[in-house]
Amino acid sequence: MPKKYDPHKIEKKWQKFWEDQKTFEVTEDFKHAEKKFYSLIEFPYPSAEGLHVGHPRPFTAMDIVSRKRRMEGYNVLYPIGFDAFGLPTENFAIKTGRPPAEVTAKNIANFTRQLKALGYSFDWSRQVNTSDPAYYKWTQQMFLQFFKHGLAYKKNLPINWCPKDKTGLANEEVINGCCERCGTPVEQRDKDQWMLAITKYADKLLEGLKTVDYITPARVQQENWIGRSEGINITYEVEGSGAPVTVFTTRPDTNFGATFIALAPDGKFVIENLEKFPERVKVEKYIAETKKKTDMERAQAGKKKTGVFTGWYAINQLTGFKMPMYVSDFVLGNVGTGALVGVPGHDLRNFEFAIEMGLEIIRVVVGPDGDASPITKPEQVQEETGAMVNSEFLNGLPIMEAKNKIMDYIEAKGWGKRQVNYKLRDWVFSRQHYWGEPIPLVYCENCKNKKQKVLIIHGFTGRADKNWLPWVKKELELRGFEVMTPTMTTTDRPILEKWLEELLPLAKQLGEDDVIVGHSLGGKAALHLLEKLKNKIGYLYLVAPALATLTDEDLEIKKKKKPERDYSTVQSFWNAPLDWQKIKNKVFSGNAIFSNDDPSVHSVGHDVLPEGWQVQTVSGYEHFTVEPEIPVLLDLFLQSKHTGWVPLPESELPLELPAVAKYQPTDTGESPLATMTSWVNTTCPRCGGEARRETDTMPNWAGSSWYFLRYTDPNNDKEFASPEKLRYWTPVDWYNGGMEHTVLHLLYSRFWNQFLFDIGVVPTSEPYKKRTSHGMILGPDGEKMSKSRGNVINPDEMIEKFGADAFRCYIMFMGPFDQAVMWDTNGLVGVRRFLEKVWGLQEKIGESSPPALSIAMERGLAPPSLAKEGWGEVSQRQTLSILHQTIKKVSEDIEAMRFNTAIAKLMELVNEMTKQISLLPTHYSTLIQLLSPFAPHLAEELWSKFGDGTPLAYSAWPQFDPELAKESIITIVIQINGKVRDELTVAPDISEDEIKKLALESEKIHKWLEGKTPKKIIYVKGRLVSVVV
RNA sequence: GGGCGCGUGGCGGAAUUGGUAUACGCGUACGUCUCAGAAGCGUAUGGAGCAAUCCAUGAGAGUUCAAAUCUCUCCGCGCCCACCA
């Protein structure tokens, strides 16, 4: 007789076994790279409260998937770590004075104990902790990469300020105008903040979504958050003033119906022109009133529209209509251009405003049934069928066509330019807190004030006074640069040695803040110059550089295009070999820019330029030789303008958090680090002069933006992960997390990964192949669990009472995985009973034949219809059939995350086996395998007795055999006019004709037919016969 | 206001995607074991009816031999977004 099921004993035993045997530690199997599987869960924040019952839901789900994958022969990485920076720990430190690092270590130890008690197949050897200097060294290094590529910048801007937490918040962290964490209404405050330019990745983030397998709501939420809208910026002349007004609109098709302009009180136009408004006094008074309102109040729906006339009119070029210009608070300064063109006929807010102000309302799109009558009621505003009216050359066109036609027209007339707008804002990356990664920059006044030099090298036949060179020189000089634009003596018949001879003396004057710009062949020259140069320079900008090999054919094409040139020396210049090793470390930041209508773009890219160099492509400037002014270039070159912020050299990373006396943020809003003068005052790594450290720290989204990369090689101290291991493991095959993270964390980490891909340090652009989400676990009262409600369930207690296996199974059984479910401790009882039954089945194992039919009949276990066959054979076949149905169902359900029905099917199988008098060991061992992902400890214990000697975790996942799954008898339902009237028990391979015949012979059916002849008989294979009379 | 989703026994939830509605579990009732209780085990369990049958998937209509599933109109609930031009 087996002993009683004792989960505590079994669970401890097998947890120790897995740990001792290193069962779940993985190493890369580079030879079979296609058989890897990387499954990921969102790593927990190690709070003082310990594990919450919400955590085990995704952890168990992915543990089940991972365990199944191992049994299917995959090399599975299922890692765990801790997202350890965060406010709760800091707040605890403020209260108690205990160092956050110490508290964190203690919390992690507690989490680790709890997680291990649940028997997860994590590879604990790869554990990461974002607050460990060995980890955040790389977070800091990556931040410096953003900085070097001009994607991190400091900006004084009104930020969301939480007066309680004393910290700035990202837009994404503000929920309905309140702090996401503490619910305090958010104030606006001006503060210098580090920003990451995620908006530059808006398109890539949107495009990337098309290549990944995310559950629909996650994809849609990301798309909405990025909020791309295509429209046009239209500039209107303003009567009597020198200043035209520019508005952004997504509905230019309705422009014939534009009757007013509304300006944001805090918008650019109002700020610049306030002094000149004829109605200045009234406007000022209105703005003062607006300022009393929070953004929250201004954004309130259904509010009565207010506004004040400025005294100016803008002219609608299409109609000549004099559009009065108003200042109104329903227009927001940070949306579009901070100004809108009012079309009251086709926008409800515009309509309400027009009614308040008594403005004209013109219909330009017909309503239902071709209604073209004037619009008088709000309901009519958005009744649009598609045909334009009262719009001259647009009349009769559908909206989309009209939109394109009018945009073409406006652009042709020079009144406006198409514009893509995004809802996405740049990422506020500064926190005025102690417990985060220090930002590894120092501020050096000396470096800031030093005059920077720019050396611009022209291309083949270029000169100092050609193309954009004079213009850029002037613009850069205006901004304090010293610009050198030499003309090469051999510009028309270029000879590399000559060029270098002339350029070297100039380049030798350059230092680490200075810039070299090379256009076309000058780009090639710049690289050769760097080869020769002993000193390091700051920035290199290659503008459509001649980097690809110039073949004979290419040369012929060029000759045909411009036959007047002397090409005799170009090819040897162009194709001179480069030593990238010598060049790479000579520049702090390398950039290349191409125009997409430039032939050279096709052959140059990441493969030619060194890792870490940024490449961008713009449109509309063929080889950068046509336009005299190219603002894109100026923007690019200005990235090198010294702001005084100097990055620490990598050798000085990690910049560790110093010990401080107090963790409270200062009242000025600076972080507690600001009070550490001995830490703050330092020397500049660039010039050696006096400098101050940045005292802001990073948000806790930083460390979690790349943790999945670190798991691939967590102990590497040379790089954040080795390229081979990254190539082997990434992308993550399956990432499960909470819906609440689909906009914040998921977007940030995608951005971070795409950037790392662009600088060539990770192998894939998209970090996660597949994304799924779990629903929340609510308290027994149906409310969100929280300490204040007192409805929190403690997992420790549940494991103590029912065992980890029962707990795991219940969490998966309680309801559909993606939906919110209520906790019900009673439910655990049922699952525990199920496991007891599985345990009890041991008694029935026997190699010999099952008992005689007579006993089975006696106990009512054998259906009389089967009396002809041997009972044992039949009962075993029945078990086998259900067993195979279960293999199919469990295998499929795990893939689709229908864990609840997988367990239900296992319960059915066990109930069936319980009815049997005897059980074959192979049937039992298959059950154990199917159960093992859900209840791994119990499964291991039973496998040690009934398994085949192989380690359970790596035993082969049972294979479904459709033949064996076939049932020996099936039930066919007979319907008459859709109502079930009888059922027949038949062999599964019965023919259609035969079953139809049997159906009509049925006594009950005869009765129901009442002698009528069936009109139609429908047979659904294996299910039913439907008779229609 | 916009978008997404949901509504099935006393409760959590199933339903091969249009094919026997209520699988599996909880709870409940009765039986069994026990000095007794708990835990087991067994049987029953959507509603009405002695029964044959009839009625049931938020309400109402439609398509179909057949609808929880598809279509339309309501009602109720949840989440996300929102004077975004």
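Order of the sequence lines sets the chain letters (A, B, ...), proteins ahead of strands, with each chain counted from 1. Computed from a prediction, not measured in an experiment: that's the story for all the values here.
Using a 4.0 Å heavy-atom cutoff across all strands shown, E908(A) reaches sugar-phosphate atoms only and no base atom. At the heavy-atom level, N350(A) lies nowhere under 4.0 Å from the strands shown. Using a 4.0 Å heavy-atom criterion, one finds that M814(A) contacts the sugar-phosphate atoms exclusively. The residue N977(A) sits close only to the backbone: its heavy atoms come under 4.0 Å of sugar-phosphate atoms, none of a base. Using a 4.0 Å heavy-atom distance criterion, T250(A) is classed as a sugar-phosphate-only contact. Counting non-hydrogen atoms under 4.0 angstrom, R981(A) reaches the backbone sugars and phosphates but no base. Among the atoms of the strands shown, none is found under 4.0 Å from any heavy atom of N421(A).
For the pair R833(A) CZ and rA38(B) C1', the interatomic distance rounds to 12 Å; values are reported in whole Å. If you take NZ of K979(A) and P of rU53(B), they are 13 Å apart, rounded to a whole angstrom. The distance from atom CZ of F817(A) to atom C1' of rG12(B) is 17 Å, rounded to the nearest whole Å. Atom CG in D347(A) sits roughly 13 Å away from atom C1' in rA82(B) (whole-Å rounding). Distance CZ (R832(A)) to P (rC26(B)): 14 Å, rounded to an integer number of Å. If you measure from atom CD1 of I974(A) to atom C1' of rA66(B), you get 15 Å, rounded to the nearest angstrom.
Looking at the side chain of D824(A), the nearest of the listed nucleotides rA23(B), rC26(B), rU20(B) is rC26(B). Of all nucleotides listed (rG25(B), rA14(B), rC26(B)), rG25(B) comes nearest to the side chain of F813(A). Among rC65(B), rC81(B), rC84(B), the nucleotide with an atom closest to any side-chain atom of V1028(A) is rC65(B).
Anti is the classification of rU64(B), since its glycosidic angle lies more than 90° from 0.
With C1' as the reference atom, rC70(B) and rG25(B) are 31 Å apart, rounded to whole Å.
Within the structure, a side-chain polar atom (N or O) of K1016(A) is placed less than 4.0 Å from OP1 or OP2 of rC65(B).
Using a cut-off of 4.0 Å between Lys/Arg side-chain N and Asp/Glu carboxylate O, R349(A) and D347(A) are scored as salt-bridged.
Under the 6.0 Å distance and 45° angle rule, K305(A) counts as a cation-pi partner of F330(A).
A pairwise comparison of heavy atoms in D329(A) and L332(A) identifies O-CD2, 4.3 Å as the closest pair.
By the salt bridge (charged side-chain N to carboxylate O under 4.0 Å, His left out) test, R219(A) pairs with E223(A), sequence neighbours left out.
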